[in-house]
Structure formats: structure tokens, C-alpha cells
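Reviewing the structure listed below.
Remember, it's a predicted structure, so these values are computed and weren't measured experimentally. Every chain is numbered from 1, with letters handed out A, B, ... down the list of sequences. Below, all heavy atoms of this structure are taken into account, side chains as well, without hydrogens, waters or symmetry copies.
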Number of protein chains: 2
Amino acid sequence: MATIEDVARRAGVSQSTVSYALSGKRPISADTRRRIEKAIEELGYRPHAGARALASARTDVIGLMAPLRTGVDVNVIMQFVAGVVTGASRSGYDVLLLTQDEGSVARVTSSSMVDALVVMDVEDDDARLPALQNLRQPAVLIGLPTDPHGLSCVDLDFAQAGAVAVRRLVAAGHRSIALIGSPAEVVSRHTSYAERMTRGFVGACEAAGAAYLVLPTAASAAGAVASVDRILAMMPDVTGLVVHNEVALPHVISRFQMRGRGVPDQVSVVAVCPENVAVSLPSPVTSVDIPAESIGQIAVEMLTGLMKDPSRGEVRLVSPRLTERGSVHEVEVVTGA
Amino acid sequence: MATIEDVARRAGVSQSTVSYALSGKRPISADTRRRIEKAIEELGYRPHAGARALASARTDVIGLMAPLRTGVDVNVIMQFVAGVVTGASRSGYDVLLLTQDEGSVARVTSSSMVDALVVMDVEDDDARLPALQNLRQPAVLIGLPTDPHGLSCVDLDFAQAGAVAVRRLVAAGHRSIALIGSPAEVVSRHTSYAERMTRGFVGACEAAGAAYLVLPTAASAAGAVASVDRILAMMPDVTGLVVHNEVALPHVISRFQMRGRGVPDQVSVVAVCPENVAVSLPSPVTSVDIPAESIGQIAVEMLTGLMKDPSRGEVRLVSPRLTERGSVHEVEVVTGA
DNA sequence: TTGAAAGCGCTAACAG
DNA sequence: CTGTTAGCGCTTTCAA
């Protein structure tokens with residue numbers, strides 16, 4: 001492998017000139033620059049990442065902690081990851097994929113393997129928070145812990161998402177609304193998005209005086225079937241449905257159909273899920289988008305901001321956007337006697 | 001951050017002694033070792049990854065090219081990735097996540113960011129192959145290109161998987177069998193697993209004298225419905241089904257049900273998918289497992305082998321294993337007049 | 001606009 | 001069993 005010294009020799013300049021030509025940190029005459037570029041080209045030179053990291057104390061690598069255990073929301077997770085990778089590469093960073101275990105944060109940060117961290121799947125009272133707060137490197141969380149003190153966070157505003165979904169149904173006249181939510185494991189693990197979603201849903205139902213039901217639902221066809229059957233048992237007059245569970249969604253719809261309640265004729269549905277999930281159903285579903293990929297990109301943007309100016313910490317909640325796809329029908333509003 | 005020099009001073013030894021104590025590359029007296037460990041502990045010392053990479057020409061990082069665009073087989077992809085990360089961390093490696101674009105292989109290898117590469121989603125005649133063959137670093141492909149010349153590969157033996165699935169159905173007396181396969185995009189992109197699967201399926205059907213039908217199927221509920229309807233139109237006497245499409249699977253089953261053919265009473269099903277997909281259906285499905293996670297781990301093991309001895313290239317096809325879950329029923333074999 | 005040279009923190013000869 | 005020391009390839013001050 002060619003080194004910067006080889007390049008310098010070949011271009012007839014000093015190492016530092018090559019270095020500066022590469023970094024653009026000082027002006028280089030057009031002629032010199034041309035000779036350097038030629039030498040680089042001919043030698044196929046690439047700076048050695050380790051040497052650069054040693055000398056400059058930066059690695060141009062971002063660490064990403066992602067929940068890889070398959071199961072719930074694989075789509076959403078993959079889209080977050082894709083967003084982070086895209087955003088990183090756009091800003092000249094690579095991404096080091098870390099496992100969830102607590103040790104790896106300390107390992108990669110204190111051995112200077114990464115310049116910054118993105119942490120996904122944050123719990124209310126996440127065990128990793130103290131470690132993250134005492135880091136030389138900045139960190140951005142995707143999610144929202146109870147106390148984000150000193151940490152930057154970005155997430156969809158799930159409370160708003162729940163409220164927006166309900167309000168859409170209420171506006172169409174629905175007054176008995178059920179929430180098919182995240183699996184019970186997610187809720188009990190206190191990953192806050194499920195709670196925020198529920199809070200928004202409940203708040204909007206109460207504000208509208210609508211009857212409501214909240215059912216955490218396993219991310220499987222079986223879970224969907226069980227929840228639909230329970231809804232029909234507990235709330236037989238249900239006409240509106242908010243589904244925040246991408247795996248269950250299609251099965252919920254077909255189960256309602258099977259139980260004699262067609263969507264959207266007898267039951268209106270608003271999903272909260274990534275767009276691609278909502279559009280690829282047999283008949284597309286009106287949904288509040290989870291813009292996972294752009295949230296991933298935003299996380300990286302926040303990180304590059306923090307690396308320039310560490311005081312720029314902030315919490316960013318992305319506003320939800322509802323897209324009509326025809327799965328909500330107007331109902332006759334029965335006015336009280 | 002403490003450096004190795006700080007540790008050495010505090011322990012009253014030389015830098016090299018600390019280095020050797022850490023690497024175990026030469027014997028250290030018990031007493032010295034204890035003092036060093038104490039100093040490391042007290043200072044919270046961690047070797048600087050860049051410095052180490054520069055001096056030793058190894059990074060202990062493996063590059064992983066994974067298809068992050070969501071869609072088909074997200075589960076399978078995540079499990080591959082999880083397997084690679086697990087395997088890597090078990091062998092003391094970290095994982096750098098690369099995008100699919102061709103440039104990144106050259107970038108991370110020639111700047112010495114990684115010691116080795118795992119490449120997923122390999123196509124028959126993959127554009128990245130030439131670049132991979134001329135690398136200082138070893139590479140393992142997950143998948144099987146047409147000409148794996150000089151490259152190590154690992155994958156499920158999809159031809160066998162197809163055959164095993166068919167033979168199970170044939171053994172139960174089925175003679176009209178359909179394959180619900182990967183989406184047409186996958187097939188036309190020539191990712192070889194779809195073709196190998198089809199070849200195994202067709203071969204086994206012909207060997208058994210069974211009628212068969214192959215239907216590439218979109219990874220969506222809509223795709224499933226369309227394929228089921230086509231099967232019933234083209235092969236009304238179908239009784240056996242092989243499904244190699246994890247997204248379509250549940251919808252295929254419920255569509256058959258809806259069309260009056262219950263699984264397994266009227267139609268027997270063998271899926272080819274990860275175990276967790278097969279078991280989490282409303283009623284579990286007999287399946288040929290895609291052991292994605294262990295294939296990911298095997299890929300890393302092959303890599304560590306190659307790093308010790310680069311001549312150890314090989315192609316490994318993991319034998320499929322079928323697990324009974326009750327979705328295959330015996331049929332009366334109608335003997336010819 | 002350019003060059004010389006001092007590190008960055010570690011590994012691995014070489015020497016004892 | 002341990003110490004001395006020469007790099008690894010780059011960035012960045014200092015000096016011109």
C-alpha cells in the first residue's frame with residue numbers, strides 16, 4: 001500500500017503539502033495540487049484510517065446500537081438503520097454496528113473507535129443512560145427516555161400520532177374506538193413509544209367523548225386474531241380502529257372481515273406504521289406514517305451538529321402526518337335522545 | 001485518556017511489558033501482571049484502536065455489506081446480520097456496516113478500516129466479485145454466485161431445501177404441488193437462491209412424477225392473494241404447497257381458507273423460512289428452516305479461518321432440516337385405472 | 001504557498 | 001522474565 005510519503009515523493013512535494021491538499025486546510029497552488037492528484041491516482045493511494053485516527057483524534061466512524069433480535073417491527077428497525085447509514089455516508093462517516101450489551105458503549109468510546117453514537121430502542125429508564133451522559137463523544141438517542149437530561153433525542157411524536165389517528169376517526173363520526181397496540185413485552189419493557197402512543201390515543205378519545213379500548217397485541221397472526229376476538233367481545237359496537245402494530249395489521253383486517261365486519265364498510269382503520277407497510281396491503285390503509293428512515297437521518301444530522309458544538313443538545317419530536325388511503329368511512333352519527 | 005505509557009509508569013514497568021501483558025505474547029511474572037492489571041484498572045485504561053491498528057496492521061473490525069432496503073425477507077436479513085455480529089463479537093471483532101454501493105468495498109479495504117469482509121445478497125454474476133477477488137483482506141459471501149472462483153461462500157442448500165419440501169409432500173401422497181416463491185424482482189435480479197430453490201423443487205417434482213406449478217410471488221398480502229387465485233385457476237386439484245416467501249405465507253394460508261380449502265385438511269403446506277416465522281403463525285407450519293443466524297455465525301468462523309490461513313477457501317452449503325408442525329396431511333393416493 | 005519535524009499511542013524486533 | 005527503541009502513516013505546529 002502506498003503511503004503519503006510515496007505520494008509526496010512522486011509529486012515532488014512534502015508530506016504536509018499532500019496532507020493539506022487532501023484536507024483543504026490550507027491553500028495549495030493549482031499546479032502543486034494537480035501533481036499531487038496525479039500521484040495519488042497513479043499510486044492508488046488511500047490514507048490509512050488508523051494513522052489518521054491516531055494523529056487527528058477522529059475516526060469518522062459513528063457507533064450504532066440497534067436491537068437486532070428479530071421480532072417486533074423489523075421493518076421499522078431496518079429503516080432506522082438504513083437512515084442512519086445513509087445519513088452517515090452522506091456526511092462522510094461510516095457506521096459501526098454495536099450489540100445492545102452495555103459493555104460495548106464503553107469499549108468503543110474509550111478505545112476511540114467512534115466519534116459519536118446513535119442509540120436505538122431506548123427505554124424509559126435505560127441502563128445505558130448514565131454511561132452515555134459521561135462520554136467524550138456526543139450521542140443521539142432514537143426514542144425518548146423519561147429523563148433525557150443532557151442527551152439529544154429524536155423520535156416520532158407518538159402521542160400526537162395517537163391523537164391524530166383518533167381525531168381522524170372521530171371526525172368521521174366514530175365513537176367506539178379500539179387501539180391494537182404494541183406487544184405486551186414492549187409495553188412492559190417501558191420502551192416509551194408504546195406509552196406515548198397510548199396516552200395520545202386515550203387523551204383524544206376522552207376529549208372527543210368516545211368509548212375506547214386499548215389492547216397490547218402480540219406481533220403475529222395469532223395475536224391479531226386474539227385481539228380482534230376480544231374487541232368484538234368487549235366492544236361489540238366498535239367501528240373505529242387504530243392499529244400500531246405492523247405485523248398484526250394485515251391479520252387484524254382479515255380477521256374482522258372473517259367475523260363479518262368488512263374494512264372499511266363496517267370498521268374504519270387508521271394504522272400507525274411505515275408507509276411501505278400501509279401501501280402494500282391488499283387494500284391500502286389510511287395511516288400515520290412512522291418516517292423511520294428520515295428519523296435515522298435526522299439523528300445523524302443532530303450528531304454532526306453536536307460534534308461541531310456540543311452544547312447544541314435538544315429533543316426533537318417529529319410531527320406525525322396522516323395519509324388518506326380510503327380505509328376510513330363516514331358513519332351516521334346517532335344523536336342522543 | 002490514559003495511555004499505555006501512563007500504565008507502565010504507574011506499574012513501574014516498561015511500555016512493552018504492558019503491551020505483552022495485554023496481548024499474552026510473552027510470559028509475564030504473576031507479580032508484574034498484577035501490578036499492571038491494577039494500574040489499568042485504576043486508570044481506566046483502554047488501548048487506542050487507531051494506534052493499535054497503525055502499529056499492528058490489524059483493526060479487529062469486519063466489514064459487513066448488507067441489503068438494508070426494506071422489503072423482502074427483512075427477518076432473514078436481520079438474522080443474518082445478528083449472526084454476523086454475534087459471531088464477530090465472540091471472536092473479538094466489531095462490525096462495520098457498509099452500504100451496497102461498489103465503492104465502499106474499495107474504500108474500507110484500501111484504507112485498512114477492516115480486516116475482512118462479509119458480503120450478503122450476492123447475485124449470480126455480482127458486480128462486486130472482481131473487486132473482492134483482488135483484496136488483501138479475505139472475504140466470505142453469504143449466497144452463491146455462478147463462479148465463486150477464489151472466494152469463500154456459505155449459504156443454505158436451497159436446492160436441497162426445495163427437494164426436501166417436495167419429498168415431504170410426495171411422501172404424504174400429494175401429486176399436484178405448487179411453489180409460492182420469491183418475488184419476481186428477486187428472481188430477475190438473479191440472486192441465485194431463488195433459482196436454486198426452484199431447481200430443487202422442480203427436480204423433485206419431476207422425479208416423483210408430480211404435477212407442479214411455480215409462481216414467483218410479491219412479498220405482500222396482495223401478492224399472496226393473487227398467487228393463490230392463480231393457482232386455483234391453473235391447478236384446481238392442487239393439494240400440496242411449498243411456500244418460500246415469509247411475508248406471503250400467512251396470507252397464502254388464509255386465502256386458501258377463504259377459497260374453501262383449509263390447511264391442512266384440503267391443502268398441505270411446507271414453508272421454507274426462518275423458524276420463528278413458521279412457529280408464530282395462528283397454527284404453526286411444517287417448515288424447512290432457513291438458519292440465517294447460524295449461517296451468519298459460520299460466515300465469521302470461515303473468515304477467522306481465512307485470516308489464519310488464506311488458502312482455506314471453500315464453499316459451504318448448509319443442509320436443510322425439515323421440522324414437522326402438522327401442516328401436512330396424508331391424502332388418498334388414487335391409483336391409475 | 002510550502003517544508004521540516006514533532007508527535008499521536010501502540011507493537012514487535014532486538015537486546016539483555 | 002523484562003527493558004529499549006524503531007517504526008506504523010498521518011496531522012499539525014512552527015518556521016520560512
Side-chain angles (χ1 to χ4, degrees), chain A residues 1-37 39-40 43-61 92 107-115 136, chain B residues 1-37 39-40 43-61 92 107-115 136-137 307:
Chain A
M1 284 284 96
T3 72
I4 199 172
E5 195 182 347
D6 300 328
V7 175
R9 199 177 2 251
R10 180 156 197 137
V13 298
S14 72
Q15 288 190 36
S16 59
T17 302
V18 177
S19 176
Y20 283 117
L22 247 31
S23 68
K25 289 190 181 172
R26 79 181 186 191
I28 303 286
S29 73
D31 178 54
T32 305
R33 154 154 287 129
R34 201 165 17 253
R35 293 208 318 282
I36 292 176
E37 277 163 5
I40 288 179
L43 294 169
Y45 167 74
R46 298 275 193 158
H48 184 287
R52 177 173 267 186
L54 180 55
S56 68
R58 336 178 29 224
T59 62
D60 294 342
V61 172
R107 192 169 49 74
V108 301
T109 54
S110 60
S111 66
S112 299
M113 297 186 74
V114 301
D115 294 340
R136 300 196 306 284
Chain B
M1 283 283 98
T3 72
I4 200 172
E5 196 181 347
D6 301 328
V7 175
R9 200 179 358 255
R10 181 157 196 137
V13 298
S14 72
Q15 287 190 36
S16 60
T17 302
V18 177
S19 176
Y20 284 117
L22 248 31
S23 69
K25 288 190 181 173
R26 78 185 186 188
I28 303 287
S29 75
D31 178 53
T32 305
R33 154 153 288 130
R34 202 165 17 254
R35 294 208 317 281
I36 291 176
E37 278 163 4
I40 288 177
L43 294 170
Y45 166 74
R46 298 273 195 160
H48 185 286
R52 178 172 266 183
L54 180 56
S56 68
R58 332 177 33 222
T59 61
D60 294 342
V61 172
R107 193 168 49 73
V108 301
T109 54
S110 60
S111 65
S112 300
M113 297 185 75
V114 302
D115 294 340
R136 299 196 306 284
Q137 294 93 338
M307 292 165 79

>> Of the listed nucleotides (C:dA4, C:dA13, C:dC10), which one gets closest to any side-chain atom of B:Pro47?
In response: C:dC10
>> Nearest to the side chain of B:Arg52, heavy atoms from C-beta on, is which of C:dG9, C:dT11, C:dT1?
In response: C:dT11
> Of the candidate nucleotides C:dT2, D:dT12, C:dG9, which contains the atom at the shortest distance from the side chain of A:Lys25?
Replying inline: D:dT12
> Which part of the nucleic acid does A:Arg58 contact within heavy-atom distance under 4.0 Å: base, sugar-phosphate only, or nothing?
Replying inline: nothing
> Of all the choices, C:dC10, C:dG3, D:dG9, which nucleotide is nearest to the side chain of B:Ile4 once you look at every atom?
Replying inline: C:dC10
>> Using every non-hydrogen atom in the two residues, find where A:Ala51 and B:Leu54 come nearest and quote the distance to one decimal.
In response: CB-CD1, 3.7 Å
> Reckon B:Ser56 touches a base, only the sugar-phosphate, or nothing at all at heavy-atom distances under 4.0 Å?
Replying inline: sugar-phosphate
>> I want to verify a distance call: between D:dT11, C:dT1, D:dC1, whose nearest atom is closest to the B:Ser29 side chain?
In response: D:dC1
> Which nucleotide in the list C:dC10, C:dA13, D:dT2 gets nearest to the side chain of B:Ile28?
Replying inline: D:dT2
> Choosing from C:dA12, C:dA5, C:dT1, which nucleotide comes nearest the side chain of B:Ser16?
Replying inline: C:dA12
> What's the closest nucleotide to the B:Ala55 side chain, out of D:dG3, C:dT11, C:dC8?
Replying inline: C:dT11
>> On DNA chain D, does the nearest nucleotide to A:Arg46 precede the nearest nucleotide to B:Gly12 from the 5' side, or the other way round? Give the residue.
In response: B:Gly12
>> Just N and O in the side chain of B:Thr17: are any of them under 4.0 Å from OP1 or OP2 of D:dG3?
In response: yes
>> Between B:Ser111 (side chain only) and B:Arg107 (backbone N and O only), is there a donor and an acceptor less than 3.5 Å apart?
In response: yes
>> Closest approach to the side chain of B:Tyr20, judged atom by atom: which nucleotide of C:dT11, C:dA13, C:dC10 is it?
In response: C:dA13
> According to a strict under-4.0 Å criterion, is B:Thr3 in side-chain N/O contact with OP1 or OP2 of C:dG9?
Replying inline: no
>> Looking at every non-hydrogen atom in both residues, tell me the closest pair between A:Arg10 and A:Ala39 and how far apart they are.
In response: CG-CB, 3.8 Å
>> So for A:Arg9 and C:dG3, does any side-chain atom that can act as donor or acceptor lie under 3.5 Å from a complementary atom in the base?
In response: no
> At under 4.0 Å between heavy atoms, what does A:Ser23 touch on the DNA or RNA strands: base, sugar-phosphate, or nothing?
Replying inline: nothing
